[in-house]
Amino acid sequence: MTTNETVITTKDVRLYYGEHEALHGINLDFQKSQITALIGPSGCGKSTYLRCLNRMNDLIHDVTITGSFKIDGHDIYRPQQDVVSLRKKVGMVFQQPNPFPFSVYDNVAYGLRVQGIKDKKIISQKVEESLKQAAVWDEVKDDLTKNALSFSGGQQQRICIARLLAVKPDVILLDEPTSALDPISSAKIEEMLLQIKDQYTIIIVTHSMQQASRISDKTAFMLNGDLVEYGDTKKIFLNPEQEATSDYLNGKFG
Amino acid sequence: MNKMQQRLLHPSKATRQDRFGKTISLICIGFIMILTVSIIGFIAIHGLATFFENHVSVMQFIFSSNWNPGQLGKNGQPQVGAFAMIVASFAVTLLAAILATPFAIAVALYMTELAPKRGAKMLQPVIELLVGIPSVVYGFIGLVVIVPAIRSVFGGTGFGILAGSIVLFVMILPTITSLTIDSLQQVPDHYRKASLALGATKWQTIYKVILRAALPGILTAIVFGMARAFGEALAVQMVIGNAALTPTSLTSPTATLTSQLTSQMGDTIMGTLPNNALWSLALVLLIMSVIFNLLIKVVGKRGEMKK
């Protein structure tokens, strides 16, 4: 295995909804060209943690976050941090496919146009490239002007991923990206993630332990706002250190 | 047998109540339908009498601006030309909508996107108040404030399309605003999140995603506002000047379809040409409101397909 540089370092992350502490001091690092899976039962805080990394929690009222978050050595919560440019670097795919009610082309071109790119040739080229990367090109290439919402859920989700890839983020956060999809669509997305992982740092929250074991290099198990165990996926699944981890993996609670 | 048989073969109490309720609502619906049809029929019979009984040509009615139904013209034909009123009605409606739309969208955006809490608290009562003010009050304010202001700025009498449009602008502002707010609120939150997560600014999100997604709703809101402006009579009548002349400028006295109706209806005798001519104006109003309704349906349907 090659040694990978650490892209994201988080230390002692605590998050409060009002007075209630939802994350109790989480330390996690993420490496480039790796897929890290965050697993754990519903409400354990894995999605909440994920949203800290592109500051989507800023949109929620009355949330306080402490601890340190460094991406490429820069504290992303420092006062002079531009949230907009952070989110260009750290993209997110949501649980429900959420394409805009525009054509496929306009969806994928959106991020580029937002960045001020006007050259139609460059946009077309990137749209095609991104849709190919997201493994949805063959299914939509004849219908690029069709409304993105007229496609199936799995196709919509890959269009959303293409929309994200078009802006060339460094980090991709996926918040249960396949939980609303059928197994075939999920498999396509997993395969695609494995193909693109070399160029990105990918963090995926998932409820499916099979998914985590299939695609991730590292796995973090969270429970009730605590990080219980973090390590190589193989080790976590075959030989977990903590009892809670093995109980969860064996389906003793969920 | 048979109690069981009897119970099974006879409608239960719940079924009977169900039927009773259904009958009552059907009767009410039938009544309203008859009412609507008879109103339309009544207006159509009288409105069309101008053309069939008094033999005024439709072309003359629409394109001539000679309005003097009580007298015959030089050619021996009655002078029933509604061109001036039709033009003035459309002019005040369009102008009011053009004035009101940017303000309505700005206010709606402030209340839904920029400052949902504070904005709603401050502006909601203002909008509700604007809706509640009777039109005669708007007309009165227009007469006392706007007409003199226009007179001193532009000269002339101050009565005319400009004064009418300004009064209507204030009157349709709340209609367009609240319907625009509705359509902005219907834009699903995940569009906003998706856009922000892609590194768009709030403003980019608003004008590239939210306004675009809400466009059919906003267009419907504008058409609703225009329908209201087109049909408003009293306030317009007070500031338009009430001279059945084709407007030569925004500040020349003229009359709209509605203002002509309200100002003249007391002076005509049922069954005579001048009276029939007014009915014809009412018919034009009715047709226009049908067109506005159809427009709203068409725009709304297009929006549904997009969602």
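Quantities reported herein were computed from a predicted structural model and do not represent experimental measurements. Letters A, B, ... are given to chains in the order of the sequence lines, protein chains preceding strands, and every chain is numbered from 1.
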Is chain B contacted by the side chain of [X], its backbone, both, or neither, given a heavy-atom distance below 4.5 Å?
X        : answer
A/Pro169 : neither
A/Asp82  : neither
A/Arg55  : neither
A/Phe100 : both
A/Leu59  : side chain
A/Val90  : backbone

Testing the basics here: between [X] and [Y], what is the closest heavy-atom pair and its distance to 0.1 Å?
X        : Y        : value
A/Leu149 : B/Tyr191 : CD1-OH, 3.7 Å
A/Asn98  : B/Ala194 : ND2-CB, 3.3 Å
B/Lys208 : A/Arg113 : NZ-O, 3.4 Å
A/Lys88  : B/Gly199 : CE-O, 3.4 Å
B/Ala200 : A/Val84  : O-CG2, 4.2 Å

(request) Can you measure from CE (A/Met92) to CG (B/Leu198) and round to the nearest 0.5 angstrom? (result) 11.5 Å

(message) Using heavy-atom distances under 4.5 Å, tell me whether B/Lys202 contacts chain A through its side chain, its backbone, both, or neither.
(response) neither

(request) Check the pair A/Gln96 / B/His190 against side chain to side chain contact (heavy atoms under 4.5 Å, CB included), numbers first and verdict last. (result) CA-CA 9 Å; A/Gln96 288 295 332; B/His190 60 240; 5.5 Å; no

(message) If you define the side chain from C-beta out and look only at heavy atoms, does anything of A/Phe94 sit under 4.5 Å from B/Lys193?
(response)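 Yes, their side chains come closer than 4.5 Å.
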
(message) Does atom NZ (A/Lys70) have a neighbourhood of more than 12 heavy atoms from anything else shown, all under 6.0 Å?
(response)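 No.
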
(request) Take atom OH of A/Tyr16 as the centre, draw a 6.0 Å sphere, and report whether it contains more than 12 heavy atoms from other residues, nucleotides or ligands. (result)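 Correct, the count exceeds 12.
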
(message) Taking the six-membered ring of A/Phe102 as reference, does the cationic atom of B/Arg212 (NZ for Lys, CZ for Arg) lie under 6.0 Å from its centre and within 45° of its axis?
(response)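 Here B/Arg212 passes the 6.0 Å and 45° test against A/Phe102.
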
